[in-house]
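Below: one structure, written as structure tokens.
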Amino acid sequence: MRNGFVKVAAATPKIKVGDCGYNREVICEKIEELYEQGVQLAVFPELCITGYTCSDLFWQTTLLENARKQLMEIASFCEGKEITVVVGLPMVHKNKLYNVAAVIYDGTVCGMVPKSYLPNYSEFYELRHFVSGKEMEDEILVGVDEDEDEIFCSFSPKTKFVFENIPGLVLAVEICEDLWVPNPPSVGHALAGATVIANLSASDEITGKDSYRKTLVTGQSARTISAYIYADAGEGESTTDLVFAAHNMIAENGNILAEAERFKNETVIAEIDLDRLAAERKRMNTYEMEGEAEYTEEYISMELIDSKVERFVDPAPFVPSKEAERQKRCEEILNIQSKGLKKRLEHTNCKCAVVGISGGLDSTLALLVTVRAFDMLGLDRKGILAVTMPGYGTTDRTYTNAVTLIQSLGCEFKEINISEATTLHLKQIGHDMEKKDVTYENAQARQRTYLLMDLANEFNGMVIGTGDLSELALGWATYNGDHMSMYGVNSGVPKTLVRHLVRYYADTCGEEQLEKILLDVLDTPVSPELLPPKDGVISQKTEDLVGPYELHDFFLYYIMRFGYAPKKVLFLAQIAFEGKYEQDEILKWLQIFYRRFFAQQFKRSCLPDGPKVGSIAVSPRGDLRMPSDACVKEWLEELF
């Protein structure tokens, strides 16, 4: 490009986890495509030669050797092309494993940059596999040439790549989490002269994270007066617990030049203006100030005053209060859920999904998500086997809604009444049918799951779980009953959000009959319907038994997100729900939450796969590594 412009790109190929050869092919295809479009600097996602979600496969020598081999193949492919490529892979150096970005030009690996900051919180556990390269300054073995001579390149996070024939183009690299720390390496890079920062990322998608991520990218490009190229992992990564959206961005001095539409593995291309960056740096006389390490300290002796808190505490922390934002959140969650299921169906080459439909909120949402996933894959909705299984407590209202919903969506309908089989089973174990206890109730839940699993085998299908995040937090699920599935699409969605998701679908579906059914489902009391109805009406209401879900979701948010002590959670709840619940009632349900949350961890320890959609999740593989035998005593004592 002329007049100080350089064309750059952030690209996300659709990879296969663990298939380095295939990934090399799609990376090279993208390089060729970008080269033909005049791109001179292309950045690919973190660990994209192997896939970010390889987990313990990163310990496999076969994977590591193949990754290094395919890196050399990519370098050879770039020979003779005026394009610089930055690509991610795992590399072994002195018997330690590093998360690395390799910079390639004209057939040569010019240098490697190891990741400095390794996240090991919530859904991330990179320290399990990698070590930090923050202090690394060395050379690393890349491979061997045709004469069997060893090839080395620089190996350090403090590497800048100077383009001799392009004045003002100096490249430096950081990797994903490096951007999220208080003092990102890119600050030092910029002060050392870098004008372009490449970030190879694998940032999973949860609600609201896209806005925060965009703020970080734009803010860092403004702070460092640089161009910032952010390449994010996307579809192709495993969706065991996470979904990646390929949120690629190119920013220049605080302005977004190009941004990908999430979930589409979209490549973004932009021209960065090197002259503008140089001019801005010269104009700002505070840029690269000296002596900032020597701080003068002033002391203020201020005492904490115990006064009434005027701060607003949102009673629905999972639900945006503004309608536009709420609608955006609903669309985003439905996207994450359906994309997660889409990947699992695609990976297993599964053309059949089996969903148990009760006429309640959770199973309704699960069916809507399944329909979306099938539509994304171009599969016939008749491949969705929607099964209604009326039993002792099923009412005409929920039964009718279930049947009509299935028919309206065009899914395959099947009805199996579980009453006879459940009665036989209870008699076989010697249970008194007049005794409507937990055995009576759970036998029905397990009978339904038993049928769904067998139907999945019969039709080579996959059982889609319906249970939501709030139920999992409370353990409100029958172990090996509705607790179990082959992919739990609602596992990251709290109950207070389930209602809004179904409402959003009703408002936007554009089908009068479907909207009518969904609105009636929304108006139906939450119930497992395991006890016989009274005068044809639901007799068993969940919130009468475990408490209001709006309270439990509030508790869940502050306990899981911030780790607040019981007294503080109670204090905040009193502010948030003032005028609606008395302190004694809030305290009662908070105690129940703690008791159930601790006692029911064993159910969460073996949860099926399912996508995380927000800042809170209870997957044992990600956010909640909690012992099943932990004692709740001290938490409860604080409330008395």
Between [X] and [Y] (salt bridge meaning N to carboxylate O under 4.0 Å), is one present in this structure?
X	Y	value
D609	R344	yes
E237	K339	no
E325	K328	no
K342	E235	yes
E332	K209	no
E73	K69	no
K495	D468	yes

May I ask you to test the K568-Y558 pair for a side-chain heavy-atom distance under 4.5 Å? no

Between E471 and G467 the two heavy atoms that sit nearest each other are OE1-CA, 3.5 Å

Whether F562 and Y564 hold their rings parallel, tilted or perpendicular, with breakpoints at 30° and 60°: parallel

Side chain to side chain donor-acceptor pair (under 3.5 Å) partners of residues 180-196, not counting sequence neighbours, each pair once: E174-S186, S186-Q220

Looking just at side-chain N and O atoms, do [X] and [Y] make a donor-acceptor pair shorter than 3.5 Å?
X	Y	answer
Y230	N248	no
Q337	N490	yes
Y98	K115	no
Y117	E126	no
S605	S628	yes
T496	D553	yes
S203	S201	no
E46	N99	yes
R446	T478	no

Return the [atom1] to [atom2] distance between [X] and [Y], rounded to the nearest 0.5 Å.
X	Y	atom1	atom2	answer
H129	C54	NE2	SG	9.5 Å
I197	S226	CD1	OG	5.0 Å
I27	E32	CD1	CD	14.5 Å

Whether S122 side chain and F124 backbone form a donor-acceptor pair below 3.5 Å: no

Check: [X] ring centroid to [Y] ring centroid under 6.0 Å:
X	Y	answer
F58	F130	yes
F602	Y479	yes
F263	F244	no

Report yes or no: is the cationic atom of R625 (NZ for Lys, CZ for Arg) closer than 6.0 Å to the six-membered ring centre of Y125, at no more than 45° off its axis? yes

Show, in sequence, the C-alpha distance, side-chain angles and deciding distance for D241 and R621, and conclude whether the salt bridge (charged side-chain N to carboxylate O under 4.0 Å, His left out) test is met. CA-CA 7 Å; D241 288 305; R621 297 168 294 274; 2.7 Å; yes

So among E346, H347, K351, which one has a side-chain hydrogen bond (donor to acceptor under 3.5 Å, both in side chains) with N349? K351

